[in-house]
Each structure stands twice: as structure tokens, then as C-alpha cells.
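Each ligand, and each atom within it, is numbered from 1 in the order the structure gives. Since we're looking at a predicted model, the values are computed, not measured. Heads up: numbering here begins at 1 and tracks the sequence. Hydrogens, waters and symmetry mates play no part in the numbers below; they use all other heavy atoms, side chains included.
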Amino acid sequence: MKVIFLGDVVGEPGRDTLRVAIPRLKDLYAPDFIIINGENAAGGHGITPRLAIDLMRSGADAVTLGDHTWDQKEIFGFFSQEPRLVRPMNYPPGTPGSGFVIVQGNGKKLAVVNALGRTFMGPDVDNPFLLIKPLLEGLRRETPCILVDFHGEATSEKIAFGRHIDGQASIVVGTHTHVQTADEAILPGGTAYLTDAGFTGAHDSVIGREVAPVIQKFVTLLPSKFPLATAGLQADGLFAELDEATGRALRIERFQIKVAPDAVAAAK
Ligand SMILES: [Fe+2]
Ligand SMILES: [Fe+2]
């Protein structure tokens, strides 16, 4: 089974980048499934039902989220209609939506899980290290092929989480920092691991935002707006190939696909 994962899609520049990058990724890797982190799809803040549908039309088989899950209120009621929109599994019981989904196609099944880290993060969520193992045990009764998007700030927490479930998940990929790390590996138990996938959007920026206002904020400490950047479009992510019988990773490769503005204009 071949799986593509794309890091946080940031606003309209990110969505424009996707429309060009996905056909290229399909040519390059012939993926069975494409999973996309959409927590910043709506101008950097969360996702709306329309944008979730848009990402799925662009090619996402499932969309994962993160600490920005609840930024757009209209998304609350949408989870019950769209199980392929997956929020972190460690919000309190009773929270709208689910922390996992099983997607299917061509006789193949991939479970997709989203979890939120707790180190240097906002929401006071339940301990993902405690909750993940029983969830994975249940999912493995359906399929051994499981992707976990671990959305967190601290590299140590993310690496520890990957090691914690090495051999129980097929892919553990980090999101949230928007900066791709160069530590892709197949861990000893057979899990394809990358600390952070990076982000999809305008990279001539500070993690997707215009440079000058962010510097100004650090200099003055005054409240300010951070408009989305528009230049340097790039889609960051990883490709992994899995043994369908065991769920073990056979191959992992990270990518950064640069997209020219004229290619975006042609795709519209
Ligand atoms: Fe993000
Ligand atoms: Fe985030």
C-alpha cells in the first residue's frame, strides 16, 4: 500500500498549492491513499465544511486536524456528516467528531488517527500516550495499516510518541511546527517515522505568514495581525509504502514540491 501525507495546508495559498501538487504526487508515487492535515485551511485558522469538502475534492481520502480544530464554529456540526474529517482523539469524551477513521479503496484499508501533543501546546487534552494503545489495538482488528498524525510542538514528545507505538502503527508523522524535519526513518519495530511533515502553502514567510509583521511582533511585543504570505508555494509531506499483510513500512521518503504561480493560475 502506498500512502501520501501532506503537512498543514495554510489558507488559500496552501489550497492553491495542493491543486497543482496532488496530480504531480500521483504521477510520482501512484498512491492508494492521500491524507492531508487541514487544521489551517481557513485563512490559517481551522477549517470550514466547504473547505473540508474542497480538500477531499482535491484528492484527500481523509483530513486530519490539530489545535486549530475548533477555530471555525460551523465545523462543529459537520463532523457527524463527514467521518473522513478526523479531529485529535484525546479531546474529552463527548467532543464532536472522532479521532480516527478507516478509509477504503481498491480492496485496501487504511486507518487514520489524529492525536494532539501536550508539551508547549494550548488545549489541556487527555494523555495521548495512555489513550493511543487501546485505540490501535482495536483498529488493528480491522487493518494492520495505520497512519497516526501526531500534532505537537516538541520534537522530543513526537519522537517519544513514535517510539511508544513503534510496530503498532505503520506511519507516525508529526505536524504543527510547519517546518519539515530531516529525520525520516523506519523504526526498529517497522514504523515509518518523520518528526514533522512541514506545511503546504507560501514558504517565503514565517511558517506561512508575512515576514515583517511577525518580526514586528517579536520586536515590539504589541498585538498585531499576521496576514498569510503568498510567495514561495510548496507542498511538504511524506510518501510511505507499507506491507499490507503486516502493516510494516517498507519505504519512507519525504518530499517538498515547489509550485510555480503560473501553474496555480493554469489549474484554476
Ligand atoms: Fe498548523
Ligand atoms: Fe497546530
Margin query: When you measure from the Fe ion (ligand 1) to the N, O or S atoms of Asn40, does any of those distances fall below 2.8 Å?
Written below: yes
Check: Has Asp67 got an N/O/S atom less than 2.8 Å from the Fe ion (ligand 1)?
Finding: no
Check: Any side-chain heavy atom of Phe255 sitting closer than 4.5 Å to one from Leu6?
Finding: yes
Margin query: Is the shortest side-chain heavy-atom distance between Asn127 and Asn90 below 4.5 Å?
Written below: no
Next item on the list: Measure from the side-chain N and O atoms of Asp61 to the backbone N and O of Ile34, and report whether any donor-acceptor pair falls under 3.5 Å.
Entry: yes
Note to self: Working note: Lys109 + Gln104, criterion side-chain hydrogen bond (donor to acceptor under 3.5 Å, both in side chains); need CA distance, chi angles, decisive distance, verdict.
What the structure shows: CA-CA 5 Å; Lys109 274 188 188 181; Gln104 302 191 43; 5.0 Å; no
Margin query: Under 2.8 Å from the Fe ion (ligand 2) - does any N, O or S atom of His68 fall there?
Written below: no
Next item on the list: Determine, for Asp183 against Arg254, whether the closest basic-nitrogen to carboxylate-oxygen distance falls under 4.0 angstrom.
Entry: no
Next item on the list: Answer whether the closest heavy-atom distance between the side chains of Val3 and Leu242 falls below 4.5 Å.
Entry: yes
Item checked: Minimum-distance atom from the Fe ion (ligand 2) among N, O or S atoms of His176 -> ND1
Next item on the list: Provide the atom name of the closest N, O or S atom of Asp8 relative to the Fe ion (ligand 1).
Entry: OD2
Note to self: With respect to the Fe ion (ligand 1), please indicate if His178 possesses an N, O or S atom at a distance under 2.8 Å.
What the structure shows: yes
Note to self: Which atom name would you report as the N, O or S atom of Glu39 nearest the Fe ion (ligand 1)?
What the structure shows: OE2
